[in-house]
Visitor: 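I have a structure I would like to understand better, so I am pasting it below and will then ask my questions one at a time.
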Amino acid sequence: MTAEGTVRVIGTAGHVDHGKSTLITALTGIDPDRLREERERGMTIDLGFAWLRMPGGADVGVVDVPGHQDFIRNMLAGVGAIDAVLLVVALDEGVMPQTREHLAILGLLGVERGVVALTKRDLVDDEWAALAKADVAAALAGTPLAGAPMVEVSATERRGLAELVATIDRTLDGAPPRRDLARPRLPIDRAFTMSGFGTVVTGTLLDGSFSAGDEVQIVPGERRARIRGIQTHKRALEAARPGSRVALNLSGVDKEDLARGMVVVRPGTLAAASLVSARVTLLPGISGDVAHDEPVKLHTGTTEVMARLALLEGASLEPGTSAWAQLRLAEPVALAVGDRFVIRRPSPPETLGGGVIADASGERLRRGAASVASLERRTAPTPASRLLAALDAPRTADEAADRAGLGAEERDAAVAALVAGGRAVPLGDALLAREGYEALALRVERGLAQAHRRSPLRPGAPREELRSTLGLTPKRFNALVGALVAEGRVAERGSALALPAHRPELTEAQRTAWQRARDAIGRQPLQPPSPASLEADFGLDRELVVALAERGELVRIGTEAVFLPDAVARFGDAVISELAEHRTITVSRARDLTASSRKHVLPLLQFLDDHGLTRRSGDDRILVLDPDHARERLHTLVRGREGQPT
């Protein structure tokens, strides 16, 4: 029994003139035909709304849809978010064309629960009623509504109404609860202005709850508004739960800015898409094949939009078959993974088929087996498998869950299972499937191998250079490196990265050249040859000089000064001792004190400044650290080459 507080919505379906609106009025006391034209013509044109009191005290929302084929677009806007259908078939006419089309649409939209109301019982005798009932049962065979309960009713005589309500109640009692993904969205089916209130929108709330006072966004677009009030069945609420038929009173947005098909969401939780991927299934009885890139009308939620059906496999799709495809939408639409849709041929009008949105990221896929396999993974049966398919690139758990259509609980459970099982690897704020992680690791290893071949004397490749080739954020790259170091696949060499087996080694010729150059530098250690002279006279090119500096055998200061480490240490000791005694030192005093030249003293003094031992004060230098600390720092720099400028 549907208890009070349970949120449910039913929708009508069936052929025109079979008495849907009359039945709803008899059941609820509310005439769903709200337009004057509908009342004058005696035919439902647009969606109508009412509510029905269940025996358990709950009010069930009712969406009444038009039955005429000319208004199928409005019918589609009304049945996309219902818990069960009330299929109406008049006993005096039986199953008609729109009955069958509505049944096909309900199947495409995944509506699996329903009750059949056999109306106008007062117009037929028992024999005719039995024939019509058998006709309905045959039409339902092979559809999700096969075996649905049937109730004979007469709205004018109020016959069978109580039994119909009780049957609806039992049918709804078995419906699963509406999912709550904490990402509420309200597809708008009506927008109007109410005197004394302002702008009001109505719809069936999906995937989360709204509360009075919430800030909301209207998608597509960036319009913001605030919920002034919420009503359901003309009762004011502080909050509305998923599955509710609700009216939102919005401030900050005009009725003229709103239209059916727009969606009310929390800001930033849903983006409109112009390209979606799905497995499309065609109905078996359609008029012919659907060709690749054929124009179709797509109906999803309360939206109708023109689209191109780009098949990912094959040149055409035959009636009764399925294929993966991308739908290129003529304009952006607010939809989400897991949403069902229907496609129709625009001319002549015909319902072709439908499917479920598998990807709404806007990623354009190539035709072929690789894209098909990717989409198959994204629609895997378990939440963990779907989340894993969304981790083909580093993504946050929230981003991956959005792509996989998962709620918070499903997301957290899937993340825990994937990480514990080693099928996903944490990378800072992101996760990556194990296959993707191994692909990144291989790129790192290959990049390092190439760097070692290019520069065999260097201890490794610069971290930032490698990060830029991978396109990772610093946080994710550092996590990747940390994992690879822990696995013994990469070694950290100061600010560089290397393969563990890499050892920078000089060739015999390079060792000979270095020995000769070192002897020359040692003869006048504080007036050494320039780098240009070292290359011209001894064959020490720039790469070899850099390698020697990284090995700690040379000290490079800027680009034009090269010293032996001992020489830099002796110079620094002399300057520190002078400063300890006299507090300041000039360039000329440093030159005389060390028997050097101004050309070489200037870069050496700059070296001390750059590493925080001294500081320039006018034309003099002063000591920044105490003498003992300064000497310790100097010798650490020279021995370990810490922070050596290159």
Side-chain angles (χ1 to χ4, degrees), residues 457-459 462-464 492-496 504 514 517-535 538 540-646:
L457 299 178
R458 306 289 296 274
R463 292 177 69 103
E464 186 59 28
E492 293 184 285
R493 307 265 172 85
S495 61
W514 169 228
R518 183 168 52 193
D519 291 344
I521 297 172
R523 285 193 286 271
Q524 287 186 297
L526 290 177
Q527 297 189 56
S530 68
S533 298
L534 290 174
E535 182 169 8
F538 303 101
L540 262 65
D541 59 21
R542 182 180 182 279
E543 183 179 353
L544 181 53
V545 169
V546 169
L548 291 167
E550 288 175 342
R551 290 157 63 98
E553 298 187 54
L554 277 178
V555 177
R556 295 174 64 232
I557 303 176
T559 59
E560 294 302 319
V562 177
F563 299 88
L564 295 176
D566 285 348
V568 176
R570 287 199 301 273
F571 176 87
D573 280 336
V575 169
I576 292 169
S577 296
E578 178 72 9
L579 288 172
E581 184 175 353
H582 299 292
R583 299 182 62 83
T584 65
I585 190 172
T586 63
V587 173
S588 58
R589 174 59 182 160
R591 179 197 60 200
D592 296 342
L593 187 67
T594 59
S596 184
S597 65
R598 182 180 180 85
K599 172 184 175 182
H600 296 96
V601 164
L602 286 173
L604 286 165
L605 288 174
Q606 188 63 47
F607 175 84
L608 300 180
D609 291 347
D610 289 342
H611 290 92
L613 281 72
T614 59
R615 185 178 72 241
R616 189 167 181 170
S617 177
D619 293 332
D620 299 341
R621 256 71 175 188
I622 60 174
L623 197 59
V624 175
L625 306 175
D626 66 81
D628 290 339
H629 189 187
R631 289 190 183 92
E632 181 182 350
R633 172 76 170 150
L634 171 66
H635 287 274
T636 298
L637 285 168
V638 172
R639 284 198 311 272
R641 305 303 308 116
E642 176 189 317
Q644 172 62 37
T646 60

Visitor: Working note: R621 + D609, criterion salt bridge (Lys or Arg N to Asp or Glu O under 4.0 Å); need CA distance, chi angles, decisive distance, verdict.
Guide: CA-CA 9 Å; R621 256 71 175 188; D609 291 347; 2.9 Å; yes

Visitor: Could you state the interatomic distance from CG (D619) to OG (S588), rounded to the nearest 0.5 Å?
Guide: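 It is 9.5 Å, given to the nearest 0.5 Å.
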
Visitor: Applying side chain to side chain contact (heavy atoms under 4.5 Å, CB included) to R583 and L623, what does each step give before you reach the verdict?
Guide: CA-CA 7 Å; R583 299 182 62 83; L623 197 59; over 6 Å; no

Visitor: Within a strict 4.5 Å, meaning less than it, do heavy atoms of the I521 and L554 side chains meet?
Guide: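 Yes - at least one pair of side-chain heavy atoms lies under 4.5 Å apart.
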
Visitor: For a quick test of reading the model, state the closest non-hydrogen atom pair linking P565 to V555 and the distance between them.
Guide: CA-CG2, 3.9 Å

Visitor: Calculate, to the nearest 0.5 Å, the distance between atoms CG and CG belonging to L625 and L613 respectively.
Guide: 5.5 Å

Visitor: Does any non-hydrogen side-chain atom of L605 lie less than 4.5 Å from one of V587?
Guide: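 The answer is yes; the side chains approach within 4.5 Å.
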
Visitor: What distance separates I557 CD1 from D610 CG, expressed to the nearest 0.5 Å?
Guide: 9.0 Å

Visitor: Given side chain to side chain contact (heavy atoms under 4.5 Å, CB included), test R518 with L564 step by step and report yes or no.
Guide: CA-CA 8 Å; R518 183 168 52 193; L564 295 176; 4.0 Å; yes

Visitor: Is any side-chain heavy atom of L526 less than 4.5 Å from a side-chain heavy atom of V601?
Guide: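 Result no, sub-4.5 Å side-chain heavy-atom pair not found.
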
Visitor: Tell me which one of V545, L534, D519, L548 satisfies side chain to side chain contact (heavy atoms under 4.5 Å, CB included) with W514.
Guide: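 Passing option: L548.
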
Visitor: Considering only heavy atoms from C-beta outward, does the side chain of R591 approach that of H600 to under 4.5 Å?
Guide: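 Contact flag for R591/H600 side chains = no.
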
Visitor: Between R523 (side chain only) and P525 (backbone N and O only), is there a donor and an acceptor less than 3.5 Å apart?
Guide: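 Not confirmed, R523 side chain does not pair with P525 backbone.
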
Visitor: Quick check for you: to the nearest 0.5 Å, what is the distance between F607 atom CZ and R556 atom CZ?
Guide: 12.5 Å

Visitor: Please step through side chain to side chain contact (heavy atoms under 4.5 Å, CB included) for the pair L579 and T614, ending with a clear verdict.
Guide: CA-CA 9 Å; L579 288 172; T614 59; 3.8 Å; yes

Visitor: Kindly indicate whether the side chain of E535, heavy atoms from C-beta on, has any atom under 4.5 Å from the side chain of L540.
Guide: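 They are not in contact (no side-chain heavy atoms under 4.5 Å apart), so the answer is no.
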
Visitor: What distance do D626 atom CG and E632 atom CD have between them, rounded to the nearest 0.5 Å?
Guide: 9.5 Å

Visitor: Is there a side-chain contact between E492 and R463, using heavy atoms and a 4.5 Å cut-off?
Guide: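 Heavy-atom side-chain distance check passes, below 4.5 Å.
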
Visitor: Scan side-chain atoms only and decide if S596 and T594 contain a donor-acceptor pair under the 3.5 Å cut-off.
Guide: no

Visitor: Less than 3.5 Å apart, which donor and acceptor atoms pair up between the side chains of residues 568-578 and the rest of the protein, not counting sequence neighbours?
Guide:
{"from": "D573", "atom 1": "OD1", "to": "H635", "atom 2": "NE2", "distance (Å)": "3.4"}
{"from": "D573", "atom 1": "OD2", "to": "H635", "atom 2": "NE2", "distance (Å)": "3.3"}
{"from": "S577", "atom 1": "OG", "to": "D573", "atom 2": "O", "distance (Å)": "3.0"}
{"from": "S577", "atom 1": "OG", "to": "R631", "atom 2": "NH2", "distance (Å)": "3.0"}
{"from": "E578", "atom 1": "OE1", "to": "R589", "atom 2": "NH2", "distance (Å)": "3.4"}
{"from": "E578", "atom 1": "OE2", "to": "R589", "atom 2": "NE", "distance (Å)": "3.1"}

Visitor: Is the shortest side-chain heavy-atom distance between L604 and L608 below 4.5 Å?
Guide: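 L604 vs L608: side chains apart.
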
